[in-house]
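Have a look at the structure below before the remarks.
Chain letters run A, B, ... following the sequence lines, proteins first, then strands; residues in each count from 1. All figures in this text were calculated on a predicted structure; none of them were measured in a lab.
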Amino acid sequence: MESIWENLNEQQLKAVKTINGPVMAIAGAGSGKTRVLTRRIAHLIFHHQVSSENILAITFTNKAANEMKNRIYRLLGIHTRHMWVSTFHSMCARILRDHIEFLGYDRRFQIIDDDDTTQLIKVILKRLNLDPKLISPKRLKPHIMNIKYDPSIIADYDDPIRSYLEEIYPAYQKHLKDNNLLDFEDLLVLTIELLKKNKEVREYYHKQFHYVLVDEFQDTNNVQYELVKLLTNESKNLFIVGDEDQSIYAFRGSNIENIRNFQHDFEGAEKILLEQNYRSTNTILKAANHVIKGNKNRIEKNLYSTKGDGEPIIFFKAYTYRDEAEYVAQTIQSLVYKGYRYEDIAVLYRANNTSRVFEDTFIKKHIPYQIVGNLSFFKRKEIKDIVSYLRLIVNPHDGYSYVRVVNEPKRGIGAKTVERLNDFASQEQLSLFDAVLDPDNPLSKRAITQLKAFNDLILTLQNRLEQEDFPRFIETLVDLTGYEKMLMDDDMGEVRYENIMELKNSLLEAQKNYPTEDKFDVLTQMLEDIALKSQEDEQKETNVVTLMTLHAAKGLEFKVVFIVALEQGLFPLHQTLSDQKELEEERRLMYVGMTRTMERLYLTNAQERLVFGSLERQTDSLFVREIHPTLLEFEGLNKVIKRPENTDRMVFKKPEVKMSKTMGSNTFYRQGDKIMHTTFGKGVVVQVLGKQCKIAFSHPHGVKTLLCDHPSLKKVSDE
DNA sequence: CACCGGTTTATTTTT
DNA sequence: TAAACCGGTG
């Protein structure tokens, strides 16, 4: 068994031992924060006789929570299943299952994920007869979520949008409640509401949690921070770990200010800096530091490593994006020849679509790889359909699931019928299920017959669930619904059928974990697990190269890292170029990517790339230019061009590579110029195409292609 | 109601 | 390029 004090440096020891009062640990990349967290928990239990039930440890991912539980088990040999080591959302679900009736929901509430949320918004827009073109449902969602967090902000919107939001938000929220559904944000917001309104519940949890720990604190949003404050009792034994330089989820509401304000909010909070890096070479740390220095308002950290300088960072510039992939593939092969394993290597990129060329090339060259976080198992259509059936079986009045599967497989119940049914149901305050049975509904005879058959199907399935064991029941389900037959008629059906059969395991596991007589409770619990753990599934393959986005790489480490497609507009993304805050987040993303590396870091890009179907000329990413050239070894096209040293802005001759006369420049604008448009506001020229240019505007507008000499465009002088 | 074909649009996404 | 979406036809 591992010892509690083994391999801890002075600062880490301090973070483990300072158990009373608020403590903030600033944990630089690779500084061993998970070790500190788990040792601290072990220390509390082992040396201070704190009962394991009295500790609350909150993480952001299930993976992190499981990792923590595992390590605690290895340190102490105690069972961890009952412990409160979980994500914000699981913790909230656990609290709400016991107390949500106080808020007027049923304890068998179902949790819907982000995709469902978007779909639901779309459905509601349609039902309210609002024009979905004013804002697309996808763009509307974040606004609705913000309003849920703080309803008063609705007043900040200007009119066309405001009245729109005033209509849709209450309708959306009412729909959720009427159907006993919670979205991810509800889990947080309703838990807060519960704790605020119900003194007994609040005191119950204050008695329960003597020590609270929060991981990745830089990624908390305001609501999560409020929840943490609410759960922390008078003794204020709150320990947070985080690193502002690794905050990369602002676009989802995380707020770096939370970590910056912590010492202010919790008076007398101890601050501990973990600056020794156990992961990377000094060359890599230095380079990462050069990049992150570009961000303003940052508390300077001084990460150091005892690993020495190691290898130089290689910057390879390819002619085309195919050449780039080719280079990466060849380099991987030679690294493997040198003794690295495929699993030591990761290829990181900013946007998912970049992975394609690399996939193609790796297949051709027989390099084994896996793409992580692409399309998770539980997001597949067939799984979501079956999940909807299961939700309907728990709650036939769930209108959202009803609509999703009433005509899946096709039962001749079309959009018009569903619309009419919906209208009638909302007018009469009935669920869709009950509306079908109402003799006054305005539907055609044919439609009623078909809908009634569907209702009966759900009731039959409820019966069968009571009679059959879970694996058997899943087969009954796909059989009676006709889903199986539909799949058999489809070329890809075989795989999808097998996917559905995988659900048997989820059900059996839920049954094992939640021993109860009531099968509907087990089913409810399984549906919760699916909703909250959808990302986790990924069965890890052994000894393969990992391809993933920079976001997905957070928290991981690899001996060899390739950061690819380092081109202006791709990374940093052009949408972010005109906004300082967004650009800083991109820079943190670069920092996160670089600091994943233990030994060898490769930065690559290409001069020509297919962007949205057309071949574009690309320039080097700002972030590569921010690394001092003495740390880089130039390869590929870079090698041909002599790089001047010790210059901040490196100016060098670009080889004139077959550029048609209409491309690249015109008399009006150049790439990177800042402009002002009379209706779209400020923007940046991302590309010049003859008389036209592609211009990136901020949020609602996005990238537009406009004529450069258009009178509504004006150039703005630099800075 | 289902299917075909033209048009539009284009990050990242722990739960 | 590719996928999602929309509107018209059979």
Practice problem: Taking only heavy atoms on the protein side, list every residue of residues 246-256 of chain A lying under 4.0 Å from any atom of DNA chain B, sorted numerically. | Solution: A/Tyr249, A/Phe251, A/Arg252
Quiz prompt | Value in whole Å for how far the P atom of C/dA3 lies from CG of A/Asn352 | solution = 13 Å
Exercise. Indicate whether the side chain of A/Asp183 and that of A/Tyr172 have a donor and an acceptor atom separated by less than 3.5 Å.
Key: yes
Quiz prompt | ring pair (Phe, Tyr, Trp, His ring centres under 6.0 Å) involving A/His551 - partner list, sequence neighbours excluded | solution = A/Tyr249, A/Phe251
Quiz prompt | Residue list, salt bridge (charged side-chain N to carboxylate O under 4.0 Å, His left out) with A/Lys485, at least two apart or on another chain | solution = A/Asp489
Quiz prompt | Partners meeting side chain to side chain contact (heavy atoms under 4.5 Å, CB included) with A/Asn180 (sequence neighbours left out) | solution = A/Tyr105, A/Asp106, A/Phe109, A/Asn395
Quiz item: Can you check whether A/Asn62 has a side-chain N or O nearer than 4.0 Å to OP1 or OP2 of B/dT15?
Solution: yes
Quiz item: Contact class for A/Asn407 vs. all strands (heavy atom < 4.0 Å): base, sugar-phosphate, or nothing?
Solution: sugar-phosphate
Exercise. Not counting sequence neighbours, which residues clear salt bridge (charged side-chain N to carboxylate O under 4.0 Å, His left out) with A/Arg252? List them please.
Key: A/Asp114
Practice problem: Looking at every strand, decide which applies to A/Leu589 at a 4.0 Å heavy-atom threshold: base, sugar-phosphate, or nothing. | Solution: nothing
Quiz item: Mind checking what makes salt bridge (charged side-chain N to carboxylate O under 4.0 Å, His left out) contact with A/Arg446, not counting sequence neighbours?
Solution: none
Quiz item: What's the CZ-C1' distance between A/Arg356 and C/dA2, to the nearest Å?
Solution: 8 Å
Quiz item: Using a cut-off of 4.0 Å on non-hydrogen atoms, how would the nucleic acid contact of A/Thr417 be classed: base, sugar-phosphate, or nothing?
Solution: sugar-phosphate
Quiz item: For A/Lys410, which contact category applies under a 4.0 Å heavy-atom criterion: base, sugar-phosphate, or nothing?
Solution: sugar-phosphate
Practice problem: Indicate whether OP1 or OP2 belonging to B/dA2 is found under 4.0 Å from a side-chain N or O atom of A/Arg411. | Solution: no
